[in-house]
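Each chain gets a letter, A, B and so on, in the order its sequence line appears, and its residues count up from 1.
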Amino acid sequence: MVEQDAKRQPKATNIMASKTQLPCDGDGICMLCKAKPSDLETITCKTCVTPWHVDCLSSPPETLASTLQWDCPDCSSPPEDVPLPPIGNNPLPTTPSSDLVAAIRAIEADVSLTDREKAKKRQELLSGKMQSDKDDHDANKEKKKKGDDVLDLLDERLNCSFCMQLPERPVTTPCGHNFCLKCFQKWIGQGKNTCAKCRCVIPSKMASQPRINSTLVVAIRMAKLSKSLVSGGPQKVYHFVHNQNRPDKAYTTDRAQRNGKANAASGKIFVTIPTDHFGPIPAENDPERNQGVLVGECWEDRLECRQWGAHFPHVAGIAGQSNNGAQSVVLSGGYQDDEDHGEWFLYTGSGGRDLSGNKRTSKDQSFDQKFEKSNQALQVSCLKGYPVRVVRSHKEKRSSYAPEKGLRYDGIYKIEKCWRKVGIQGFKVCRYLFVRCDNEPAPWTSDEHGDRPRPLPKISELKKATDITERKGGSSWDFDFLSGER
DNA sequence: GGGCCCGCAGGG
DNA sequence: CCCTGCGGGCCC
């Protein structure tokens with residue numbers, strides 16, 4: 001039933017490989033003449049979507065039509081012994097990327113459209129039928145459904161045949177199949193030289209020097225973007241909605257130049273809470289395990305912690321919005337003014353630090369902190385008595401309550417007071433008194449404080465520790481734990 | 001071990 | 001779009 005389709009053969013440009021042929025690099029610079037050709041002087045391969053400098057090609061295409069259907073020297077004229085790729089009875093080409101991308105680019109280039117309109121057009125394009133611009137209001141529900149379909153369609157056709165996910169740093173074989181760079185290299189490393197999907201021979205050049213199909217990257221991104229913009233509409237779109245295509249673990253994006261968690265993007269968020277969800281994460285929001293996030297749960301790093309919803313920001317210590325309150329904090333011991341007593345602790349606000357140059361998280365304070373942004377969010381949570389999830393990190397061991405390793409979810413606290421004072425570095429800091437308030441036994445397990453639950457701190461103890469110099473908001477001292485209401 | 005530099009995510 | 005940020009890896 002396999003049809004050999006002659007039309008699949010590259011246009012007979014019959015490149016003579018007498019002269020070295022090299023494409024443009026990632027910056028659009030011709031690797032042969034080192035010049036940066038304009039768009040008009042550049043031609044893009046229909047298979048691998050790599051740009052080439054026309055003037056440096058030994059045999060450039062002659063007609064407009066052949067330009068659109070052009071295969072670069074790497075992808076055309078396979079060795080004589082290579083059979084034509086077997087084509088199934090699917091009438092669609094197996095490389096949606098080139099045509100699709102050309103059309104998407106045309107939309108992108110249209111300056112008369114807003115981002116939103118572009119997204120809509122992209123989405124229409126991807127769904128294969130141009131939808132008339134009828135009333136935008138009640139079509140929302142339908143669009144939402146359609147958005148999913150589009151992404152699903154993309155998924156099926158673009159997925160890496162090894163890991164079945166949307167490819168990470170996708171490479172495309174001349175036969176039109178996409179793989180993650182890593183998956184592809186692993187396959188080649190096993191001595192294979194045929195496409196894992198259709199068994200067609202992979203040219204040795206491509207095998208030894210696979211190129212990232214950057215345009216496919218863009219297409220996948222655009223499709224996702226278009227989905228989020230069109231389906232989400234004005235209402236809030238939570239992260240977990242667009243989560244389905246992320247791998248289970250943090251991953252290196254095509255943009256990152258290094259592997260590893262330092263520059264990684266987050267893996268799938270497993271829980272179904274919105275990022276502004278207050279309080280514990282219950283079992284009903286944990287479809288993965290159906291148990292919720294339990295006090296004492298530990299994670300390797302912040303990205304993993306994020307995936308379970310305990311604390312969403314990747315770097316920042318406070319999760320919150322100035323008008324809404326703060327959902328969670330991370331205690332790392334990195335702040336001199338922090339004081340961790342387990343059952344209660346003093347937390348320092350963010351800001352006031354010198355972040356010039358590349359210092360993302362300098363420890364040197366150079367100006368006063370204010371109750372704004374995330375500091376204000378904590379203030380709101382204090383005033384309203386909202387529950388705050390607390391995660392401890394033991395990067396610097398300051399307290400016997402710190403977890404043995406990694407990060408640990410230590411349950412719900414309330415911010416009993418907040419104020420500003422002059423910190424150790426001589427600048428004002430925002431300060432918050434957190435007191436544990438959930439019903440589970442205190443999670444500390446050190447010998448020193450082995451008796452659980454640990455008694456609540458005495459007011460005098462807190463007063464002494466907090467050293468209030470300026471009070472800003474906060475509940476009164478008669479907070480509920482005095483009466484035993486936790 | 002400290003400094004530097006990277007890219008992601010989120011708020012505004 | 002810009003700025004910030006209680007990471008994290010690598011290089012010195």
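- At whole-Å resolution of the value, CG in A/N259 and P in B/dG7 are 13 Å apart.
- In this structure, A/R302 reaches the sugar-phosphate backbone alone: every heavy-atom distance under 4.0 Å involves primed, P, OP1 or OP2 atoms, never a base.
- For B/dC4, the OP1/OP2 oxygens have no side-chain nitrogen or oxygen of A/R360 closer than 4.0 Å.
- Separating the CG atom of A/L407 from the C1' atom of C/dG8 is a distance of 12 Å, rounded to the nearest angstrom.
- Residue order along DNA chain B, read from the 5' end via each residue's closest nucleotide, puts A/A264 first among A/Q327 and A/A264.
- In this structure, A/T253 reaches the B/dC8 phosphate: one of its side-chain N or O atoms is under 4.0 Å from OP1 or OP2.
- Residue A/F345 is tested with A/Y413, A/Y432, A/Y335 for a ring-ring contact (aromatic ring centres under 6.0 Å, His included); the sole match is A/Y413.
- Here the nucleotide nearest the side chain of A/Q321, chosen from B/dG12, B/dC6, C/dC6, is B/dG12.
- Nucleotide C/dG7 has B/dC6 as its partner under the Watson-Crick or G-U criteria, with both atom distances under 3.5 Å.
- Side-chain atoms of A/L355 lie closest to C/dT4 of the nucleotides B/dC8, C/dG9, C/dT4.
- No hydrogens or angles were tested; on distance alone, a donor-acceptor pair under 3.5 Å links the side chain of A/H314 to the base of B/dG7.
- Side chain of A/S332, nearest nucleotide from B/dA9, B/dG10, C/dG7: C/dG7.
- Salt-bridge formation is detected for the pair A/E297/A/R289: a Lys NZ or Arg NE/NH1/NH2 atom is positioned less than 4.0 Å from an Asp or Glu carboxylate oxygen.
- Without hydrogens or angle criteria, A/D410 side chain to A/V390 main chain gives no donor-acceptor distance under 3.5 Å.
- Regarding contacts with the backbone of B/dA9, a side-chain N or O of A/R246 is found under 4.0 angstrom from either OP1 or OP2.
- Distances shown here put a side-chain N or O of A/S322 below 4.0 Å from the OP1 or OP2 atom of B/dG12.
- Distance, A/R392 CZ to C/dC6 C1': 13 Å, rounded to whole Å.
- Atom CZ in A/R255 sits about 11 Å away from atom P in B/dC6, given to the nearest Å.
- Of the side-chain N and O atoms in A/Q257, none sit less than 4.0 angstrom from OP1 or OP2 of B/dC6.
- No side-chain donor-acceptor contact under 3.5 Å links A/D354 and A/S362.
- Between A/N263 atom CG and C/dC10 atom C1' the separation is 10 Å, expressed in whole Å.
- Between A/R392 and A/D340 there is a salt bridge, since a side-chain N of the basic residue sits under 4.0 Å from a carboxylate O of the acidic one.
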